[in-house]
Trainee: 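Here's a structure for you.
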Amino acid sequence: MAARAPVVGEQPSPEVVAAVFHGVSVSSSSAILVVERAGRVARVGWSNEKAVAVLGYAQEDLRALPVDQLLPALQGGELRLLLRRERAVVMTLPVRCASGESLECSVSAVPAPGGRRWTLRLAATSNEQERALRATADAHERRFATLTERSPVPTLLSEQGMRLAHVNDAFCALAGQQAEELLGTGWLDVVHPEDLDEVIEQATAVLLGGEDGSEGEAQARLVRPDGTELTTVIRFAHLFTPGVGAGFVGTIEDITERLAFEARLAHQANHDPLTGLPNRTLLADHVTTWFVPGTGGLACIFLDLDNFKVVNDSLGHAAGDELLVEVAARLRATVRPGDLVARFGGDEFVVVCQQVSEADAVALAERIGTQLRRPVRLGGVDLRPQASVGVTVQTAEHQAAEELIRDCDIAMYQAKTGGKGRITVLDSDARAQARDKLRLVAELRSAIERREITLMYQPIFDAVVGTATSVESLARWQHAERGSISPGVFVPLAEESGLVAALGLLVLDETCRQLAEWDRELGAAAPRRAHVNVSALQLDGNLHDHVASALRRHRLSADRLSIEITESALMKDPASAREVLQALRDLGCQISIDDFGTGYSSLAYLRHLPVDCLKVDRSFVAELADGHAEITSAVIALAHNLGLCTVAEGVETPAQARLLAELGATYLQGFSLAAPLAAAEATAWFAAAGQR
């Protein structure tokens, strides 16, 4: 059988090691010392026969001899330059013999694995020329060591081609390998295989030189022996050595931590910190990426937790946050691989699916609903979360990605208003209605800004004397294309869209302006007071300042205004309402409760609210024609007992007016007495009334 050829890098057998060691120990040509570092002192631990002969020490004297005594020319850090852990080093140095004489030697130090033991080989230099050349080489080596090897910047040096001649300690530390393993082409083994082509391409371009190829860089991953990957930028610069050829200098920047930091910042910018889900920004980017106009298959599922505010109010915000985290986890566990789950904001979540039909999307929404309804224990209470869900699948009508998210938001709103815990799919009719509503909101905003919302004024009469004493301001919107739009349509729309504050300010200011104008034009015939309706959404701390500002702007006293608020609005937050109304009353305004008897007011609250007048709803007044005066009579009697005046609305016949006066109503308002009038008509009407 033929002998097996030795394999490069294969570990020698113990017999071979023993033979080599014996050869070294009895060698007559090489003086070998083994140096060990104990603490800060490096001492000779072993020597062969040649070393004993050259240096003149007895074997036992040589053992434990400090190396700095053997090599007196090396001081402090210079000894560390010789005894390097990362690489073999050769220096020409005087070696002190036992006789005290110095022997000029070439000292070669080779580190052993572990970094605490070195093999020193001593070879006497033969003549003065060799010593001079060697000293010059050592000087260059020391300058190079000073400039590069101790530099904190990992550095490679190729004197020719891709083969490295030097690497510094910083690169050895970065790569986790010794210099001997990296020299030559060993450094390429450290580069991640997927990045190797780019590194070689850039290095080759630099080696070829030229104006544009003198420098280059590549982002590459380095793989340490323990498998750790470091992301680096390797910058190559062309280097030419006369008589040798083209090489390069490479400096390496470790950007692993920087990239990780940037990744953390990017994650924080695009993800919700509470649930870790993508946020609204990333959701929009995702939908935009996958949205292709004119196609289908992209679906959005919009979820809004039902009664989440109750959880926050009853169990605290910590429990609410815990619920949101649990919901996020259930959503992630329920959706398909590749689906995106995002937190839209608050208790709203959006799931984006690709390549699905409407039936698939609804089925997924149902699975989500089932998972959400599983009990969860928060603050000692078992809850079964549920959500109102809107589903929209892309159609040819969708022209932009944001329309898809908007439509599923609309669908969710429809599910919420339909009774919560429902799944609603936005069809074409609902989408058309929603878009029409959006257009109407935009037009209402423009109408308010352009003061195209006009006011009608309906006179209010003293029930006993029969003269008009005040008016109620009634907002009207005459749309250029849709014609007259009822307040029953645009006022709720203003409340839903956040325009009610602007609308209220417009009505308040225009009413005050008209009162001031009537004062100038009509004098004593001008109505003494105007009733202005206020939405529940206006009933906040700003209302007092808005009213005071309007009065001041038009030089009116506060008693010229009666602020009307429905009893339903009062009951939403009676304590806050009382505070706001008291401030208005302190200002001097009259306070009226509109549509009294149709809501759910508490008579106990009524006694404590700062109210001056009750407006009897027209539905009760209408019952007078059928002979049912019980409720109207009771409301008027209640007002009298509380010291309040009353305004009976919806008076349609003289008979109703007479009966209401007999029942004790203070004021009357209705079409039979006077219909709502435009400003000019009201001016003429009051002027004529003043002359009668």
Side-chain angles (χ1 to χ4, degrees), residues 270 277-305 331-332 334-346 348-370 372 387-446 479-482 485 489-490 493 496-498:
N270 293 302
L277 293 176
N279 60 14
R280 187 182 297 196
T281 302
L282 191 54
L283 168 69
D285 291 343
H286 182 81
V287 176
T288 300
T289 300
W290 289 101
F291 182 85
V292 179
T295 62
L298 188 62
C300 286
I301 301 174
F302 199 114
L303 302 98
D304 182 280
L305 296 183
L331 288 175
R332 277 191 292 247
T334 306
V335 300
R336 310 170 312 164
D339 292 343
L340 178 79
V341 180
R343 186 183 179 193
F344 196 75
E348 298 173 333
F349 298 85
V350 174
V351 177
V352 182
C353 315
Q354 302 166 37
Q355 302 300 320
V356 294
S357 64
E358 182 177 297
D360 295 335
V362 171
L364 177 57
E366 291 174 344
R367 290 200 303 275
I368 289 173
T370 301
L372 288 184
S388 298
V389 183
V391 178
T392 299
V393 180
Q394 182 186 352
T395 68
E397 297 178 2
H398 291 105
Q399 299 300 314
E402 57 267 23
E403 294 180 1
L404 197 63
I405 299 177
R406 180 203 61 197
D407 282 357
C408 70
D409 187 9
I410 294 171
M412 182 280 296
Y413 180 77
Q414 291 179 342
K416 180 77 75 177
T417 55
K420 300 181 180 178
R422 298 186 175 205
I423 298 173
T424 298
V425 180
L426 192 68
D427 56 26
S428 57
D429 291 340
R431 184 181 299 111
Q433 292 175 8
R435 291 179 179 177
D436 183 67
K437 188 176 180 180
L438 287 176
R439 280 195 295 271
L440 193 59
V441 168
E443 291 164 353
L444 176 59
R445 179 179 290 104
S446 298
H479 193 282
E481 299 175 356
R482 303 173 189 247
I485 298 179
V489 173
F490 72 80
L493 196 64
E496 292 176 16
S497 57

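Quick caveat: nothing in here was measured; it's all calculated off a predicted structure.
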Trainee: Are Asp339 and Cys353 close enough that some pair of their side-chain heavy atoms sits under 4.5 Å apart?
Mentor: yes

Trainee: For residues Met412 and Phe344, determine if any side-chain heavy atom of one lies less than 4.5 Å from a side-chain heavy atom of the other.
Mentor: no

Trainee: Does any part of the side chain of Val287, heavy atoms only, come nearer than 4.5 Å to the side chain of Ile405, both counted from C-beta?
Mentor: yes

Trainee: Which pair of heavy atoms, one from Cys300 and one from Val352, lies closest together, and at what distance?
Mentor: SG-CG2, 4.1 Å

Trainee: Can you tell me how far OG1 of Thr392 sits from CG of Leu426, rounded to the nearest 0.5 angstrom?
Mentor: 5.0 Å

Trainee: Once side chain to side chain donor-acceptor pair (under 3.5 Å) is applied, what residue pairs with a partner in residues 281-291 remain, sequence neighbours excluded?
Mentor: none

Trainee: For residues Leu283 and Ala342, report the shortest heavy-atom separation together with the two atoms involved.
Mentor: CB-CB, 3.9 Å

Trainee: Do the non-hydrogen side-chain atoms of Lys437 and Ile410 ever get within less than 4.5 Å of each other?
Mentor: no

Trainee: Less than 4.0 angstrom from a charged side-chain N to a carboxylate O is my criterion; do Asp360 and Arg336 meet it?
Mentor: no

Trainee: Rounded to the nearest 0.5 Å, how far does CG of Leu444 lie from CZ of Arg439?
Mentor: 15.0 Å

Trainee: Are the side chains of Leu493 and Leu440 in touch, meaning some heavy atoms are under 4.5 Å apart?
Mentor: yes

Trainee: Restricting to side-chain contact (heavy atoms from CB on, under 4.5 Å), what partner residues turn up for Glu366, sequence neighbours left out?
Mentor: Val362, Ile423

Trainee: Let me know which of Val356, Val391, Ile301 forms a side chain to side chain contact (heavy atoms under 4.5 Å, CB included) with Leu364.
Mentor: Ile301

Trainee: Can you find a pair of side-chain heavy atoms, one from His398 and one from Leu298, that are under 4.5 Å apart?
Mentor: no

Trainee: Side-chain contact, heavy-atom cut-off 4.5 Å: Arg332 with Leu277?
Mentor: yes

Trainee: Any chance CD of Gln414 has more than 12 other-residue heavy atoms, nucleotides or ligands included, within less than 6.0 Å?
Mentor: yes

Trainee: Keeping Thr295 on the side-chain end and Phe291 on the backbone end, is there a donor-acceptor pair under 3.5 Å?
Mentor: no

Trainee: Side chains of Leu331 and Leu303: does their closest heavy-atom pair fall under 4.5 Å?
Mentor: yes

Trainee: Let me confirm one number: the CD-CD distance from Gln394 to Glu403, rounded to the nearest 0.5 Å.
Mentor: 10.0 Å

Trainee: Are Asp409 and Arg406 close enough for a salt bridge, meaning some N to O gap below 4.0 Å?
Mentor: no

Trainee: Would you compute the distance between atom CZ of Arg422 and atom NZ of Lys416 and round it to the nearest 0.5 angstrom?
Mentor: 12.5 Å

